[in-house]
Protein chains: 2
Amino acid sequence: MADAYHHGDLRSVVLHAAADQIAQDGVDRLSLRGLAQRSGVSHAAPAHHFGDRRGLFTALATEGFDLLAAELREAGTDLRDVAVAYVRFALARPGHFAVMFRSDLARADDPGLAAARRRSGQALRDGVGRLEGVADPAAVQLAAWSVVHGFASLWQEGAFVGSDLLDPAADPEAVARRIVDTLVLT
Amino acid sequence: MADAYHHGDLRSVVLHAAADQIAQDGVDRLSLRGLAQRSGVSHAAPAHHFGDRRGLFTALATEGFDLLAAELREAGTDLRDVAVAYVRFALARPGHFAVMFRSDLARADDPGLAAARRRSGQALRDGVGRLEGVADPAAVQLAAWSVVHGFASLWQEGAFVGSDLLDPAADPEAVARRIVDTLVLT
DNA sequence: AGTGGATCTTGACAGTGGCAAGTTAGTCCG
DNA sequence: CGGACTAACTTGCCACTGTCAAGATCCACT
């Protein structure tokens, strides 16, 4: 740990630091050099693992999609539970979530990222697959994804604070459940 | 136009150029100097109008909220129409939309931005206000906002492209209407 | 033991945002 | 008509950032 050379775990250390910093200050204020300094290495060390600024975001997004997939699978097969799990993930991992759907930050053609995105998409599909007796299942699936994604985004950016739409002290997961209930009973 | 000094319209010229560039390359790749060059002025000229990088984003977000408010008011008083108008705005003004809900980019305490945000919030409220016979109107309002915001965000970032959830050539407004219909009939 | 490759450092370069000081243009007021 | 005042813009500079190239260090393997 106190040794000069990091021996393997630098990659995850930097990733973790990046997620922390993004959660605190936002993506725009993230500096690779600051990240390196915070991780106790020279300014060019991260480049060896991620190559690029885009490479770092790509790795972070990939990790995010894998974490999301795990979270969704754990939630089971009920649409409501899966939806709430999506919101829970977004709020628990703001640093990852802020990067995952930003095509301008990550390298869109990265095969690892595409695979992880596909995995989480599959997990989402598995959880929402059974929609018997619904007129337009595809619309419901789209709506479910959109509503949890939008709610998580808006919540995280503080869009609800002065809106009178909800109690500032409310539990986001509980609100998410209320919203999803509004949706699926169609 | 060919004169050396811009005389007044530089502010809007730069704002327009910024919206264009953000729509093309994303927020992260926006350079104030490139913007200035593209507008035909020196690198420090924008600073006089916006002060700061954050100042530019603040102005752009403010303009965006005003445009959104106008669009929402024009849509009338039906929740479906207002919701679709929200999506239409987001897709028509991607450069503005990308900045409007990013608290890390704009100056959150700016009074002009707060006022514009309040105006568009009011417009949204006016359009969605009448929800008679609904068990949990606040939840429906939250869900409506969340679903259009999420759908517009996901669409813009290309999250739907390989997902089999919808036809890649589909008209986003039509899809948005389908989604909203899924929602309000509760 | 020593060779090879992975990991990290050092040093340099162009580009960026931000600041200070100077320059130009228009306006107002005698 | 002319001179002062102010807004708009320019020039020059600085610290910082991302990126690249070259060198140093460590580890594994034979």
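Predicted model only: the values in this text are computed from it and were never measured. Residue numbering restarts at 1 for every chain, and letters A, B, ... go by the order of the sequence lines.
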Got a sec? Which of residues 44-55 of chain A come in under 4.0 Å of DNA chain D, heavy atoms? A/Ala44, A/Asp52, A/Arg53
Please report the distance, rounded to the nearest Å, between [atom1] in [X] and [atom2] in [N].
X       : N      : atom1 : atom2 : result
B/Arg29 : D/dT19 : CZ    : C1'   : 15 Å
B/Phe57 : C/dT16 : CZ    : P     : 14 Å
A/Leu56 : D/dT19 : CG    : C1'   : 14 Å
A/Leu32 : D/dT17 : CG    : C1'   : 8 Å
A/Gln37 : C/dT9  : CD    : C1'   : 15 Å
A/Arg11 : C/dT7  : CZ    : P     : 10 Å
B/Gln21 : C/dT16 : CD    : P     : 10 Å

Report yes or no: does [X] contribute a side-chain atom to a donor-acceptor pair with the main-chain N or O of [Y] at less than 3.5 Å?
X        : Y        : result
B/Ser31  : B/Arg33  : yes
A/Gln156 : A/Ala90  : yes
A/Arg119 : A/Ala70  : no
B/Arg125 : A/Ser163 : yes

Does a side chain donor of either B/Asp126 or B/Gln122 reach within less than 3.5 Å of an acceptor in the other side chain? yes
Would you say the base of C/dG18 and the side-chain of B/His43 have a donor-acceptor pair closer than 3.5 Å? yes
Contact under 4.0 Å: A/Ser31 side-chain N or O vs D/dC16 OP1/OP2: no
Earlier contact from the 5' end, DNA chain C, for A/Ser42 and A/Arg33: A/Ser42
Give A/Leu35 one of three labels, base, sugar-phosphate or nothing, depending on what nucleic acid heavy atoms sit under 4.0 Å from its own. nothing
Answer with yes or no after comparing the ring centroid distance for B/Trp145 and A/Phe151 against a 6.0 Å cut-off, counting only values under it. no
Looking at B/Asp66 and B/Ala116, what are the two nearest heavy atoms and their distance? OD1-CB, 3.7 Å
